[in-house]
Amino acid sequence: MNKIIFHITTLLISFLAQAQFTPGQLKELTQEQAMAFSKEIANNAKMPLEFVEAKENTKGNYYVVNYGGGDKKLKVIFNVFYKGEYKALEIKGEKTYKFIKFLELI
C-alpha cells in the first residue's frame, strides 16, 4: 500500500513540476483543457496508455476520462459545474470542469 501511495505521489509531483497548468488553473477548465490535462497525466505514466473514452455520469456532475494499456487503467476525474449559474433567475452559466483526482488501477 505504501508503494502505491509513493508512486502516485511521485507521479503527481513530477507532473506538477513540468505541467502547463498551475494548481489554481485546475479549478476552472474548459472541456478541451480538461482533456489536455488528462492527456498530460497519461503521458507521464510509467507505461504507455491510450485514450479509451471520456464521458459524464448520468447526473452530469462528473466527467471521467479513461485511459488504458495492457492490464493497467487510468481514470482522471473532474467535477462539472456551471460558472455564473443562478437558478432563481434561470441563468444557466458556463460549463466548467474542476480537477478532482486521478486513479491508477493495476
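For the numbers below, each heavy atom of this structure counts, side chains included, while hydrogens, waters and symmetry mates do not. The structure displayed is predicted, hence computed values, not measured ones.
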J.: Is the number of heavy atoms from other residues, nucleotides or ligands within 6.0 Å of CD (E53) greater than 12?
T.: yes
J.: With no hydrogens and no angle check, is any side-chain donor or acceptor of T96 less than 3.5 Å from a backbone partner on E94?
T.: yes
J.: Mind checking whether F81 and V65 sit in one hydrophobic cluster, side chains of I, L, V, M, F, W, Y counted as touching below 4.5 Å?
T.: no
J.: What heavy-atom pair brings A42 and L49 nearest, and what distance separates the two atoms?
T.: O-CD1, 4.2 Å
J.: Can you see which heavy atom on K92 is nearest to which on Y82, and at what distance?
T.: O-CB, 3.2 Å
J.: For the pair N44 (side chain) and E40 (backbone), establish whether a donor and an acceptor sit closer than 3.5 Å, ignoring hydrogens and angles.
T.: yes
J.: Restricting to non-hydrogen atoms, name the atom on V52 and the atom on Y67 that form the minimum distance, rounded to 0.1 Å.
T.: CG2-C, 3.8 Å
J.: Measure across T30 and Y97 and return the closest heavy-atom pair with its distance rounded to 0.1 Å.
T.: C-CD1, 3.7 Å
J.: Would you call Q31 and E56 a side-chain contact if the rule is heavy atoms closer than 4.5 Å?
T.: no
J.: Please determine if K72 and E104 form a salt bridge, counting it only when a charged side-chain N lies under 4.0 Å from a carboxylate O.
T.: yes
J.: Hey, are the side chains of N66 and F51 touching, using non-hydrogen atoms and a 4.5 Å cut-off?
T.: no
J.: If you look at every heavy atom in F78 and I100, which pair is closest and at what distance?
T.: C-CD1, 3.9 Å
J.: Can we say K98 and E28 salt-bridge, meaning some charged N sits less than 4.0 Å from an Asp/Glu carboxylate O?
T.: no
J.: Please name the pair of heavy atoms, one in G69 and one in M47, separated by the smallest distance, quoted to 0.1 Å.
T.: O-CE, 3.5 Å
J.: Answer yes or no: is there a donor N or O on one side and an acceptor on the other, between the side chain of N79 and the main chain of Y62, under 3.5 Å?
T.: no
